[in-house]
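Following: one structure in structure tokens, then a few remarks.
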There are 2 protein chains.
Amino acid sequence: MIQAFDPRTAEPVGEPVAETSDAEVDAIVAAAAAAFPAWSVFGRRAEALEAVADALDARAGELAVIADTETALGGERLAGEVARATGQLRLFAAVLRDGGGASGGRPPGSALPAYLDVVLTPAAGPAPELRRINRPVGPVAVFAASNFPFAFSVAGGDTASALAAGCPVVVKAHEGHPVTSALTAEIIAGALAAAGAPAGTFALVHGVQAGLRLLRHPAVAAAGFTGSTAGGLALARVCAERPVPIPFFGELGSVNPCVVLPGAAFARPAGIATGYVASLTLGTGQFCTNPGLLFIPEDVGLLTAIAEAASGSAGGAMLSGRIFAGYEDAVAEAQAHTGVTELAAGQAGPGPWGATPRVFQTSLKEFAADTAVLARERFGPAGLVITYSSAEELLLVLATLPGNLVGAVHVDPESPEDLDLARLVIAALERVAGRIVCNGWPTGVSVVAAQHHGGPWPATTAPAYTSVGTAAIRRWLVPVSYQDFPPELLPGGLADL
Amino acid sequence: MIQAFDPRTAEPVGEPVAETSDAEVDAIVAAAAAAFPAWSVFGRRAEALEAVADALDARAGELAVIADTETALGGERLAGEVARATGQLRLFAAVLRDGGGASGGRPPGSALPAYLDVVLTPAAGPAPELRRINRPVGPVAVFAASNFPFAFSVAGGDTASALAAGCPVVVKAHEGHPVTSALTAEIIAGALAAAGAPAGTFALVHGVQAGLRLLRHPAVAAAGFTGSTAGGLALARVCAERPVPIPFFGELGSVNPCVVLPGAAFARPAGIATGYVASLTLGTGQFCTNPGLLFIPEDVGLLTAIAEAASGSAGGAMLSGRIFAGYEDAVAEAQAHTGVTELAAGQAGPGPWGATPRVFQTSLKEFAADTAVLARERFGPAGLVITYSSAEELLLVLATLPGNLVGAVHVDPESPEDLDLARLVIAALERVAGRIVCNGWPTGVSVVAAQHHGGPWPATTAPAYTSVGTAAIRRWLVPVSYQDFPPELLPGGLADL
């Protein structure tokens, strides 16, 4: 049985949920495989996604209340997150209809939407005619995250994008919010059934063993994951070691380097300090986009401003005892490090899993001497400020960072020196991050066409793909080319090119 | 030292070529890494690719003569293959300029070509502005194939597409044609240098150890491979087990199922038989698109026609003693199989590595009982004809096939029964092949925008990608999103959206 705990008290909350048995997993995947042919060509997928969104919205209050007891993320944040999840579902419905805001919604002369990446090569002399189109890959396994019980969980972006692509979805629920997961799944399955989707299009499994059996099932064609680096790499290995390996789209940990240039540090220290601490402590730091590393120039008032802002910051109850223990270990490692000092601590969060925000400080030289340890993710509200005195050395160190989802640069647009250095810093960040923010912070990932929530390994296991935004649908599609086909045998729409 | 052998005599030919030492590999990769920033933004990449094509064309005769001594593929075929390779280079130059024939050469309102996949999301309320663009991934390792000494070797599609993407390339030469490889590399490097490309943009290494060191080098960002399943999977494992794993785009073996429907078998047995045998024996069967499995209806004259065509077919000298030995082993395995009979044999090829074309025969029932063995690739001019009596059973068996690069269906367009069955066969082939040919044969892969030379594992290790055609450039690109950037800090072209 899987038991949720109230993070504010560490006491059991809600009814325990049964783990899914091997036989149940097999039956669920068999149903998904049986649903695949019909769902892959289901003509009202957009309407079905919208029906799911409507059904979730109709019970948003109830969902947020239950999720708050399991995650302590707060009613307002959680209600907003339901809206984010249903917005994602509606966005993918728009992708199916007209591209969802991406440039070039439809190829010229085609009634087929852009996400199908339709290309026609006419016959030319002895060269054949070819028509290429993207097709759904098959049933998809989705591993839910703990820190977003809606937007990256049962009804999250992986589910929305895979369903939109025409793939049945089996979600492995996160152990941290089993009751929220079960209710969400019930609402999704009911709405899909009412919208006419084939039985088996969507299902939920509970438990670590069920997740592994799901991932190893021959009928599962691809997997999506959001979570820790250790967990993600272990599941990636399971996928790679199958008799028939499958793609594993893992969105893992990240330290998200942020660089403050001298002009910006001089021009607006207070704004940078408060913005940094707000981003660092948002959601008790439990975001993969948390600004874990902040590079600032030496000998500026910014360090004092950061210390002040951090001292006044509020902690929170972390999602689980395991996550809290991991945070405490990471904090202890930093406190014990000879090259690191503690700059400031905020107020402890409530209850036994209440985290205290902490900002540590080191020099570029110390950081470079032990990057393997100091660039490690500290999941929670702990930041490391690294002071630099040489732009050349800063650029060299940025180039050695592991892969990240996002980086940021703070620049004074009035300072020619800042702008010149910014170009070099950006060129370095482009190699180690999938998104770069100018004069802002990495937290906050908008669900739009131009989003890239991805990045070099180990931030993701598939750096060419995003898990947020309309391009996320591409993970679940593979191309097929049709050579010299008579129109009557071409799949729907391809004959009209 | 690496010594080539004349496949027609098995005697040494040409000067032995030295294996590249560890220190040399390291220096070559360091030079490639140093060249990357400049090559990634080099403004005349299209002209540089065309200069390489011109330089190779200017020495096409000499290249074909040398390659014929190392591969025995024949002067005419090899001269044609040089033209195919230079055509590929010019096609990627066209991709850089205007999309190279793909639909939607440029996004609306943008001066940037489509392969960069540029998307703009304007700011909306609190949501930021985002501009996403594809960027080259870094230095690329290319592992050359034996069976196409130009089109899939040093100057082949992997090299052309990676250079076009802005990635420096280091090719690991195939041991089968070291002198051809060295001369090709000399011509490419000279043309790139003359075109102003940074030093280190292109290089060649020789030897298995050099290839492994290349693949493990921290500065190598991705790898392309065309060759055997065993070799490809071993190299894929090396990539996956690096401290920082890199994408491995392997195009491996394939048996390419071809299905003849009853109406087609009745209407044109002679044409199908001669077409099949011609495709099976082309290039002594040494193609990854060879029609290894042919499904035909029982009790038709087609079997006799195939036997006649195969009996008159000519063998050839295989590329190497190792490949010839592998072919002989595969033939012996089929001959020893109790469920298989030998339908026909053609004429032996010349010399000690001369292969004899052979067509084997079995029933759908026997095939289904031992698919693991009978669906194995037999690299060379050996085909297995499988007779079916039930369409339902045929469809079930097709669904169990391993992944393939290509499949084919032969249908009588005048027969409603054929057309109905064809739709079901195509639906089955779509799951197990990346390209489907109607009333044609799998050999022959046109280098065009709509090509998909890929397919489910184990035909490729990255089923969403093609190694032939303009979309091959996508393997070497990763997205980066720029959030709330002032125009003066955006990379070239992105500010003008």
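Just so it is clear, the structure is predicted and the values come from calculations on it, not from any experiment. In what follows, every heavy atom counts, from backbone to side chain, and hydrogens, waters and symmetry copies are set aside. Residue numbers begin at 1 in each chain, while the letters A, B, ... track the order of the sequences.
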Tell me, for [X] versus chain A, whether the close heavy atoms (under 4.5 Å) come from the side chain, the backbone, both or neither.
{"X": "Arg475(B)", "value": "neither"}
{"X": "Pro245(B)", "value": "both"}
{"X": "Val447(B)", "value": "neither"}
{"X": "Pro122(B)", "value": "neither"}
{"X": "Ile426(B)", "value": "side chain"}
{"X": "Ser40(B)", "value": "side chain"}
{"X": "Asn439(B)", "value": "neither"}
{"X": "Pro136(B)", "value": "backbone"}
{"X": "Arg237(B)", "value": "neither"}
{"X": "Ala221(B)", "value": "neither"}
{"X": "Leu477(B)", "value": "backbone"}
{"X": "Pro218(B)", "value": "neither"}

Where on [X] is there a heavy atom nearer than 4.5 Å to chain B: the side chain, the backbone, both, or neither?
{"X": "Pro402(A)", "answer": "neither"}
{"X": "Ile133(A)", "answer": "neither"}
{"X": "Val411(A)", "answer": "side chain"}
{"X": "Ala240(A)", "answer": "neither"}
{"X": "Pro243(A)", "answer": "backbone"}
{"X": "Ala433(A)", "answer": "backbone"}

So which atom in [X] and which in [Y] form the shortest heavy-atom distance, rounded to 0.1 Å?
{"X": "Ser481(A)", "Y": "Ala450(B)", "answer": "OG-O, 2.6 Å"}
{"X": "Glu430(B)", "Y": "Val480(A)", "answer": "O-CG2, 4.0 Å"}
{"X": "Glu488(A)", "Y": "Arg423(B)", "answer": "O-NH2, 3.2 Å"}

Return yes if some donor-acceptor pair links the side-chain N/O of Arg132(B) with the main-chain N/O of Ala449(A) below 3.5 Å, else return no. yes
Of Ile436(A), Leu419(A), Val406(A), Val478(A), the largest count of non-hydrogen pairs under 4.5 angstrom with chain B goes to Ile436(A)
Just give me the residue among Pro413(A), Gly440(A), Ala464(A), Pro479(A) that pairs up with chain B most often, heavy atom to heavy atom, under 4.5 Å. Pro479(A)
Applied to residues 121-130 of chain A, the salt bridge (charged side-chain N to carboxylate O under 4.0 Å, His left out) test, sequence neighbours excluded, yields Glu129(A)-Arg131(A)
Could you state the interatomic distance from CG (Leu489(A)) to CG (Asp420(B)), rounded to the nearest 0.5 Å? 9.5 Å
Output for pair (Arg431(B) CZ, Arg135(A) CZ), nearest 0.5 Å, gives 6.0 Å
Among Arg474(B), Gln483(B), Gln451(B), His453(B), which residue has the highest count of heavy-atom pairs closer than 4.5 Å to chain A? Gln483(B)
Any heavy-atom pair between the side chains of Thr121(A) and Ser446(B) that's under 4.5 Å? no
